[in-house]
There are 2 protein chains.
Amino acid sequence: MSLSDLFGGDPFVPAQQARTEPIQQRSTARLSGLLDAAAVVVDEVGFDRITTAMVAERAGASIGTVYRYYPDRVAVLQALRERAVLRFRSRVAEQLKTNAPQGWWEAVDVAITAFVDLYRSEPGFRIMHFDDRQGVPVVVDPDTGYFARRVAGMLVEEFGLEGGDELIFRLEVAVEMGDSILSRAFRSDPQGDERFIEECRVVTHDYLAGYYGPSVR
Amino acid sequence: MSLSDLFGGDPFVPAQQARTEPIQQRSTARLSGLLDAAAVVVDEVGFDRITTAMVAERAGASIGTVYRYYPDRVAVLQALRERAVLRFRSRVAEQLKTNAPQGWWEAVDVAITAFVDLYRSEPGFRIMHFDDRQGVPVVVDPDTGYFARRVAGMLVEEFGLEGGDELIFRLEVAVEMGDSILSRAFRSDPQGDERFIEECRVVTHDYLAGYYGPSVR
DNA sequence: GCTCACCGAGCGGAACTCGATCATGGAAAT
DNA sequence: ATTTCCATGATCGAGTTCCGCTCGGTGAGC
């Protein structure tokens with residue numbers, strides 16, 4: 001579901017994550033080490049070819065350790081994706097804090113830029129497009145709630161956009177579009193095809209501007 | 001790569017398809033039977049959980065038979081996707097022939113409708129979104145060529161749109177967007193959320209109209 | 001009757017388990 | 001305050017199970 005987790009309609013689920021929560025210090029290090037390893041391996045061999053043994057070896061751990069924290073192979077990938085999502089979110093939040101955007105578009109643009117940057121720099125970031133194939137029963141996280149709702153709230157508060165379900169819907173669509181175009185940009189170019197990236201900005205802007213702001217183009 | 005095969009930048013590859021071409025009649029039936037079975041199983045358990053044994057059993061065949069025709073598990077999925085793509089194409093071609101569209105938009109609209117219809121009626125049609133995870137070396141099919149090119153040619157010929165790389169690029173982006181929004185429509189609704197489907201039409205139309213035609217809305 | 005089609009036991013490897021072993025850090029003893 | 005101690009967290013890796021895939025033998029088509 002990729003970016004949808006961030007702004008989209010599906011709730012963000014912290015997931016069953018690990019089998020056992022880490023207690024001692026070294027184990028939290030292990031956990032992130034495992035994900036680091038998984039990220040690198042994903043870049044090397046892809047989602048399908050990745051094996052738990054590879055992850056374990058790359059992390060300097062044994063197979064058993066992997067399974068101590070994750071119930072199965074897919075769970076590792078889900079956790080990796082979750083971490084990527086989290087990192088993206090905090091990157092955006094951070095950017096929004098430092099360069100306070102002057103309008104809703106600058107805020108959206110910041111998100112696009114953050115996504116592109118992470119895609120380029122973060123190993124295994126393309127895990128963002130790891131689609132949850134099996135219909136994992138989705139449970140709403142009452143704390144986080146729909147991220148789209150939060151973003152909508154932010155836009156309403158900060159920039160005086162009209163809120164409501166309509167705005168949330170538009171955001172969902174915009175995210176879906178932006179995600180797909182960016183995805184296309186990186187499909188055959190590790191650095192991301194600038195043409196598509198630019199088009200992503202244009203399309204996203206025009207789509208949202210068409211309803212909620214002046215068409216600047 | 002989903003719809004991109006149809007209009008997108010990546011060439012359509014007939015693939016190595018089957019190991020052995022069917023000679024006798026019963027074997028062609030077997031082949032399609034295997035794909036039918038795979039389609040159903042995909043709907044039931046998803047891409048990841050599907051096993052060759054499931055496909056064989058569902059098709060009333062033995063494991064060996066599966067491997068007689070397909071080199072591995074992924075090849076079965078690829079073949080299934082290929083068949084879906086083919087069916088989509090012929091459905092569109094057929095529709096274009098019967099209700100001759102009056103303008104470029106009607107032609108595009110036909111494609112969207114065909115996609116939605118197949119998504120609803122054809123088991124396993126969501127295989128269209130089976131992303132080729134491992135970087136399978138893509139070989140250009142000289143006969144088929146880029147489908148985007150062909151569509152572009154069609155639009156140029158039939159409706160007098162200006163061609164060139166620009167048009168192909170626009171089409172790629174449009175397909176990417178449309179695909180993602182339709183995908184969203186069916187994510188949690190087997191019948192497809194009408195709101196997203198309608199928005200797909202609007203967005204696709206506006207995007208293409210913004211460059212190549214009057215904005216009718 | 002020659003080839004095509006099919007079968008399914010069997011092989012290899014990857015996913016995953018589990019009991020043995022080591023490390024940690026807080027509490028008790030000094 | 002320091003040391004000892006030990007309950008429990010953490011790790012390991014051989015072993016089990018399951019699944020992808022092979023291959024030699026049997027049956028069906030033309």
Side-chain angles (χ1 to χ4, degrees), chain A residues 15-38 40-42 44-80 130 132-134 136, chain B residues 15-38 40-42 44-81 127 130 132-134 136:
Chain A
Q16 58 274 36
Q17 187 95 335
R19 267 176 157 171
T20 309
E21 287 305 309
I23 308 256
Q24 298 178 7
Q25 278 214 338
R26 57 171 173 164
S27 65
T28 52
R30 260 276 187 256
L31 238 168
S32 62
L34 285 173
L35 291 187
D36 291 341
V40 173
V41 175
V42 156
E44 282 179 4
V45 305
F47 301 119
D48 292 330
R49 307 283 189 207
I50 196 174
T51 71
T52 49
M54 289 180 194
V55 175
E57 188 191 350
R58 196 47 147 279
S62 74
I63 304 265
T65 301
V66 174
Y67 284 94
R68 171 174 180 77
Y69 294 108
Y70 299 103
D72 58 24
R73 201 184 65 96
V74 175
V76 177
L77 294 177
Q78 282 176 339
L80 180 59
F130 176 65
D132 223 345
R133 262 82 169 278
Q134 44 272 13
V136 176
Chain B
Q16 58 274 34
Q17 187 94 337
R19 263 176 160 172
T20 308
E21 286 306 308
I23 309 255
Q24 299 178 7
Q25 277 215 339
R26 57 170 175 165
S27 65
T28 50
R30 260 278 186 254
L31 239 167
S32 61
L34 285 174
L35 291 187
D36 291 341
V40 173
V41 176
V42 156
E44 283 178 4
V45 305
F47 301 120
D48 290 331
R49 307 284 188 205
I50 196 174
T51 72
T52 49
M54 290 181 195
V55 175
E57 189 191 350
R58 186 57 69 101
S62 75
I63 303 266
T65 301
V66 174
Y67 285 94
R68 171 172 181 80
Y69 294 107
Y70 299 103
D72 59 25
R73 199 185 67 97
V74 175
V76 177
L77 263 8
Q78 281 177 338
L80 180 59
R81 187 162 67 81
I127 193 78
F130 175 64
D132 223 344
R133 262 81 170 280
Q134 44 270 13
V136 175

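Residue numbers begin at 1 in each chain, while the letters A, B, ... track the order of the sequences.
- Across all non-hydrogen atoms, the minimal contact from R73(B) to D48(B) is NH1-O, 3.6 Å.
- Reading DNA chain D from its 5' end, the first and the last nucleotide to sit under 4.0 Å from a heavy atom of chain A are dG9(D) to dG13(D).
- Across all strands, R30(B) comes closer than 4.0 Å only to sugar-phosphate atoms, never to a base (heavy-atom distances).
- Under the side-chain contact (heavy atoms from CB on, under 4.5 Å) criterion, S32(A) pairs with R83(A), sequence neighbours left out.
- Residue I63(B) is classed as a base contact, given a heavy-atom separation below 4.0 Å to a base.
- Of the two residues contacting DNA chain D, namely R26(B) and Y67(B), the nearest-nucleotide position lying further toward the 5' end is that of Y67(B).
- Along DNA chain D, the nucleotide nearest to T52(B) and the one nearest to Q25(B) differ in position, and the one closer to the 5' end is contacted by T52(B).
- When the options I63(A), L80(A), I50(A) are evaluated for a side-chain contact (heavy atoms from CB on, under 4.5 Å) with V55(A), the one that passes is I50(A).
- Between dA14(C) and T51(A), no contact under 4.0 Å exists linking OP1 or OP2 to a side-chain N or O.
- In this view, E44(B) and V40(B), R58(B) satisfy the side-chain contact (heavy atoms from CB on, under 4.5 Å) rule, not counting sequence neighbours.
- At least one side-chain nitrogen or oxygen of S62(B) sits closer than 4.0 Å to the OP1 or OP2 atom of dC7(C).
- Atom CD1 of I23(A) is separated from atom P of dG26(C) by 11 Å (rounded to the nearest Å).
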Item to check | Residue pair L34(B), V76(B): steps toward the side-chain contact (heavy atoms from CB on, under 4.5 Å) verdict | outcome: CA-CA 9 Å; L34(B) 285 174; V76(B) 177; over 6 Å; no
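- If you take CE of M54(A) and C1' of dC16(C), they are 16 Å apart, rounded to a whole angstrom.
- In this structure, the CZ atom of R49(B) is 18 Å from the P atom of dA14(C), given to the nearest Å.
- Counting to the nearest Å, the P atom of dG13(C) and the CD1 atom of I50(A) are 20 Å from each other.
- In this structure a side-chain-to-backbone donor-acceptor pair under 3.5 Å is missing from R30(A) to P22(A).
- Remark: C1' of dG12(C) and CG of D72(B) are 16 Å apart, rounded to the nearest angstrom.
- If you check every strand for non-hydrogen atoms under 4.0 Å, L31(B) touches nothing.
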Next on the checklist: If you apply the rule side-chain contact (heavy atoms from CB on, under 4.5 Å), what do you find for L77(B) with Y70(B), and how did you get there?
Outcome noted: CA-CA 10 Å; L77(B) 263 8; Y70(B) 299 103; over 6 Å; no
